[in-house]
Peer 1: 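Let me give you the structure first, and then I'll get to my questions.
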Number of protein chains: 2
Amino acid sequence: MSVTIKDVARMANVSVASVSRALNGHGGVTAETQKRIREVATRLRYVPHNAARSLITRRTQTIGALLPDLHGSFFSELIRGIDLAARARGLYLLVSSSHGDATEAAIALRAMQGRVDGLLVMSPHADEAFLDENLPIVLPTVLINSHVRSERHASLDVDDFGGARAMTEHLLGLGRKRIVFIAGPEVNHDVQERIRGYRDALSTAGFGGRAAVLHGDFTEESGYHAGKQALAMVPRPDAIFAANDMMAIGCLSALAEAKVRTPEDIAVVGFDDIPMARYVSPPLTTVRIRIAELGEAALERLAAMIEAPDDAAPEPHVVSTEIVVRASCGGSDTVRRRA
Amino acid sequence: MSVTIKDVARMANVSVASVSRALNGHGGVTAETQKRIREVATRLRYVPHNAARSLITRRTQTIGALLPDLHGSFFSELIRGIDLAARARGLYLLVSSSHGDATEAAIALRAMQGRVDGLLVMSPHADEAFLDENLPIVLPTVLINSHVRSERHASLDVDDFGGARAMTEHLLGLGRKRIVFIAGPEVNHDVQERIRGYRDALSTAGFGGRAAVLHGDFTEESGYHAGKQALAMVPRPDAIFAANDMMAIGCLSALAEAKVRTPEDIAVVGFDDIPMARYVSPPLTTVRIRIAELGEAALERLAAMIEAPDDAAPEPHVVSTEIVVRASCGGSDTVRRRA
DNA sequence: GCGCGGAACGTAAACGTTTTCATGGGAGCT
DNA sequence: AGCTCCCATGAAAACGTTTACGTTCCGCGC
């Protein structure tokens with residue numbers, strides 16, 4: 001730790017400036033001396049002191065990620081994607097997750113200043129006002145799935161609309177005519193988009209009048225209840241599209257309990273492709289969100305902003321989804337990707 | 001960003017030294033001037049430049065986490081625990097995960113030097129030689145579940161042994177007499193410990209001779225095959241203890257296929273408590289690893305090492321497990337915690 | 001032979017803090 | 001009144017880099 005650039009300079013009989021130039025490949029050094037300096041540096045196990053470097057270069061080579069209090073695989077996949085892309089670019093990743101309320105998030109956000117070259121923000125608290133309050137204007141920032149449209153920050157969203165539309169089209173293509181949608185919490189923006197996709201596919205097919213939306217809250221239990229409701233409908237639907245997998249699974253229980261066959265009588269599909277979806281009976285057809293890709297794209301975007309801060313922000317990027325066809329919809333067993 | 005301590009000093013009519021003292025609460029400043037300085041600082045939105053600070057204090061307030069290429073909830077729970085504890089101590093978290101091979105891990109490890117005050121390492125590549133090669137001696141390090149016993153680093157492990165023993169005792173307590181264990185890959189240290197716990201409970205109960213271990217590879221499929229094997233055994237076992245939940249689930253399929261009732265004829269239990277365990281039929285009794293607690297404990301330990309580097313390393317800490325009793329073992333539905 | 005340009009390298013300033021040391025002044029004591 | 005001592009404050013050094021600016025030296029063209 002305590003071996004500095006001066007030690008290297010002394011051992012190599014050059015000035016610190018030459019060491020810096022040689023190690024950073026800035027030229028102005030003979031190939032020969034460069035080689036000598038490099039050798040001395042590795043022999044001494046010299047590692048540049050990052051703080052000193054950032055102090056003068058004003059770069060930390062680090063990006064910060066502000067994430068919500070998230071359990072489960074969404075979180076890990078997202079970080080995976082971010083981390084992968086970051087490493088590829090030689091960037092470090094400073095994470096701060098699991099902040100319960102807006103105040104905590106604000107503190108975390110503030111504390112990151114000066115530690116990072118850019119910020120990835122995905123937080124339920126991150127509305128426009130919050131960001132204005134807590135973000136310095138100069139810090140490049142990418143908003144992930146926050147549905148905030150701001151001139152000042154780039155954003156990146158999941159294609160909930162396209163995924164839901166594609167899934168609805170898939171069901172229609174299989175000959176299903178009465179498709180019921182089970183929604184989640186009203187305030188949830190993703191849910192809104194999914195409903196919109198569902199309705200859009202229906203009206204495009206000329207079935208606009210048949211749209212029927214039941215309400216749930218993302219839990220298995222609410223899916224179970226919605227399933228019961230669907231069974232009671234007249235005419236009975238021939239397909240149920242739940243806004244997430246957990247509700248779809250609850251729905252499956254309701255159908256099984258009523259001795260209704262899936263998919264023969266009623267097809268059931270979900271959204272998210274949680275790991276469990278593959279193991280329920282029948283295996284659940286669902287819409288997969290390519291979460292790692294989301295993280296990766298977010299980081300790429302951020303890196304671009306850091307390198308060329310003045311570029312006009314490109315149109316908001318949308319991350320693709322894909323339909324995973326399993327047994328529960330009565331189609332063939334494949335994965336279909338949407339661009 | 002560009003407002004420095006000098007700006008604050010000028011505005012408050014004091015020297016930079018006083019500002020530093022006031023803001024860090026080092027004393028030697030009148031309550032009155034301190035108040036004034038604080039006010040100016042917040043008004044100017046002054047945020048200290050961390051690089052400059054670390055340069056002189058030789059502290060980064062950051063700890064690094066080197067993690068394997070992990071999917072799923074284990075990863076996210078672990079980070080959750082670490083992050084929670086870190087925030088509570090005002091520490092930042094620099095993560096580097098998803099490095100495929102030892103070389104990548106080594107690079108990541110090296111690059112963290114000078115960026116962090118301490119290191120949390122959980123990596124399949126992190127054996128003794130690797131660490132000696134790539135870690136500076138001075139950097140406080142905590143090894144998570146790596147089963148490396150080193151004088152130089154602290155370590156923290158999951159109590160696989162205790163968990164397996166407790167589960168076996170639980171089955172014995174329910175009157176099961178012929179318990180078969182399905183192991184995982186031989187090389188896996190966790191598996192070894194789980195087998196040891198299983199055997200230990202058996203011999204303590206005087207059933208040492210009845211230990212029977214089948215082999216799997218952690219996949220659902222291998223659990224299915226092991227289940228078939230178990231069914232073919234004479235006399236037939238009355239309980240199956242799988243080394244992880246996925247194999248237990250495969251096992252359940254094998255039993256269902258053979259029209260063997262669970263838990264009436266054969267009890268089935270697993271290890272890990274993956275989210276799916278609750279949803280299979282019957283719901284799976286299993287051993288839960290308190291992963292977040294693992295991360296939390298690791299960070300606490302590391303923080304202690306950083307604050308008092310010369311303290312003798314306490315005995316290797318072991319993180320508790322708990323038995324989650326669901327329907328598949330025929331016991332009552334509770335969670336029992338082990339110390 | 002002399003000046004000139006450019007390459008290689010060195011010197012020193014600058015980055016923004018913390019901290020040591022010096023300085024001044026006021027209070028308390030004799 | 002004068003001395004001492006302490007406390008608030010300021011000046012300046014130090015941390016380890018990068019980089020602008022000089023300096024030296026060599027080769028080349030006149």
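As the structure is a prediction and not an experimental result, all values here were calculated from the model. Throughout, protein chains are lettered first and strands after them, A, B, ... in sequence-line order, and every chain is numbered starting at 1.
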Peer 1: Checking B:His26 now: which residues fulfil ring pair (Phe, Tyr, Trp, His ring centres under 6.0 Å) with it, not counting sequence neighbours?
Peer 2: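 B:His26: no ring pair (Phe, Tyr, Trp, His ring centres under 6.0 Å) contacts found.
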Peer 1: Using a 4.0 Å heavy-atom cut-off, does A:Ser54 contact any base of the nucleic acid, only the sugar-phosphate backbone, or nothing at all?
Peer 2: nothing
Peer 1: Got a sec, which pairs hit salt bridge (charged side-chain N to carboxylate O under 4.0 Å, His left out) with one end in residues 114-125 of chain B, sequence neighbours left out?
Peer 2: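 Found none.
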Peer 1: So, using salt bridge (charged side-chain N to carboxylate O under 4.0 Å, His left out) as the criterion, who are the partners of B:Glu77 when residues are at least two apart?
Peer 2: B:Arg80
Peer 1: Give me the bend of the helix from C:dG1-D:dC30 to C:dT30-D:dA1, using the axes of the five pairs at each end, rounded to 10°.
Peer 2: 60°
Peer 1: Taking only residues two or more places apart in sequence, or in another chain, which ones meet B:Val158 in a side chain to side chain contact (heavy atoms under 4.5 Å, CB included)?
Peer 2: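 Once residues adjacent in sequence are excluded, the partners of B:Val158 under the side chain to side chain contact (heavy atoms under 4.5 Å, CB included) criterion are B:Asn145, B:Asp160, B:Ile289, B:Leu294, B:Thr321.
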Peer 1: Under the rule for side chain to side chain donor-acceptor pair (under 3.5 Å), what residues qualify as partners of A:Lys35, not counting sequence neighbours?
Peer 2: A:Glu39
Peer 1: Please tell me which of the listed nucleotides, C:dT19, D:dT9, D:dT19, lies nearest to the side chain of B:Ser20?
Peer 2: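 The closest nucleotide is C:dT19.
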Peer 1: Given C:dC15, C:dT17, C:dC9, which nucleotide is nearest the side-chain atoms of B:Arg53?
Peer 2: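 The closest nucleotide is C:dT17.
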Peer 1: Quick one: which protein N/O atoms are closer than 3.5 Å to N/O atoms of nucleotides 10-14 of chain D? Pair and distance per line, please.
Peer 2:
{"residue": "D:dG10", "atom": "OP2", "partner": "B:Ser15", "partner atom": "N", "Å": "2.7"}
{"residue": "D:dG10", "atom": "OP2", "partner": "B:Ser15", "partner atom": "OG", "Å": "3.1"}
{"residue": "D:dG10", "atom": "OP2", "partner": "B:Ser18", "partner atom": "OG", "Å": "3.0"}
{"residue": "D:dG10", "atom": "N7", "partner": "B:Arg21", "partner atom": "NH2", "Å": "3.0"}
{"residue": "D:dG10", "atom": "O6", "partner": "B:Arg21", "partner atom": "NH1", "Å": "3.4"}

Peer 1: Is any side-chain heavy atom of B:Arg59 closer than 4.5 Å to one of B:Ser54?
Peer 2: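 Answer no - side chains too far apart.
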Peer 1: For the pair made of NZ in A:Lys6 and P in D:dT18, what is the distance, rounded to whole Å?
Peer 2: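 Rounded to the whole Å, the gap is 13 Å.
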Peer 1: How would you list, by chain and number, every residue that makes a side chain to side chain contact (heavy atoms under 4.5 Å, CB included) with B:Ala88, sequence neighbours excluded?
Peer 2: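 Per chain and number, B:Ala88 pairs via side chain to side chain contact (heavy atoms under 4.5 Å, CB included) with no residue.
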Peer 1: Heavy atoms only, 4.0 Å cut-off, all strands: where does A:Asn24 land among base, sugar-phosphate and nothing?
Peer 2: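 A:Asn24: backbone/sugar contact only, no base atoms under 4.0 Å.
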Peer 1: Only counting residues at least two apart or in another chain, list the ones meeting side chain to side chain contact (heavy atoms under 4.5 Å, CB included) with A:Arg36.
Peer 2: A:Ala12, A:Asn13, A:Val14, A:Thr33
Peer 1: Measure from CZ on A:Arg59 to P on D:dT18 and round the result to the nearest Å.
Peer 2: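 Atom CZ in A:Arg59 sits about 14 Å away from atom P in D:dT18.
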Peer 1: How many Å lie between CZ on A:Arg115 and C1' on C:dG16, as a whole number?
Peer 2: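 Value for this atom pair: 14 Å.
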Peer 1: Detail all sub-3.5 Å separations between protein N/O atoms and N/O atoms belonging to nucleotides 22-27 of chain C.
Peer 2:
none

Peer 1: Output yes when at least one side-chain N/O atom of B:Thr57 is less than 4.0 Å from OP1 or OP2 of C:dT17, else no.
Peer 2: no
Peer 1: Is A:Thr33 near enough to C:dA8 that one of its side-chain N or O atoms lies under 4.0 angstrom from OP1 or OP2?
Peer 2: no
Peer 1: Can B:Arg288 and B:Glu293 be counted as an ion pair, charged N to O under 4.0 angstrom?
Peer 2: no
Peer 1: Nearest to the side chain of B:Tyr46 - D:dT17, C:dT17, C:dG16?
Peer 2: C:dT17
Peer 1: Quick one: do B:Arg290 and B:Glu296 make a salt bridge, cutoff under 4.0 Å?
Peer 2: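 Looking at B:Arg290 and B:Glu296, the cut-off is not met.
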Peer 1: Do any pairs count as a salt bridge (charged side-chain N to carboxylate O under 4.0 Å, His left out) and have a residue in residues 10-25 of chain A, sequence neighbours left out, and if so which ones?
Peer 2: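 Sorted result for residues 10-25 of chain A: A:Asp7-A:Arg10.
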Peer 1: With respect to the side chain of B:Thr30, which nucleotide from D:dA8, D:dT18, C:dT17 is positioned closest?
Peer 2: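 Looking only at heavy atoms from C-beta outward on B:Thr30, the closest nucleotide is D:dA8.
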Peer 1: 5'-most contact on DNA chain C: B:Ala52 or B:His26, nearest heavy atom basis?
Peer 2: B:Ala52
Peer 1: Would you mind reading off the distance between A:Arg58 atom CZ and D:dT17 atom P, rounded to a whole angstrom?
Peer 2: 18 Å
Peer 1: Name all residues meeting the side chain to side chain contact (heavy atoms under 4.5 Å, CB included) criterion together with B:Ala41; count only those two or more places apart in sequence or in a different chain, and write none if there are none.
Peer 2: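 Once residues adjacent in sequence are excluded, the partners of B:Ala41 under the side chain to side chain contact (heavy atoms under 4.5 Å, CB included) criterion are B:Val8, B:Leu23, B:Tyr46.
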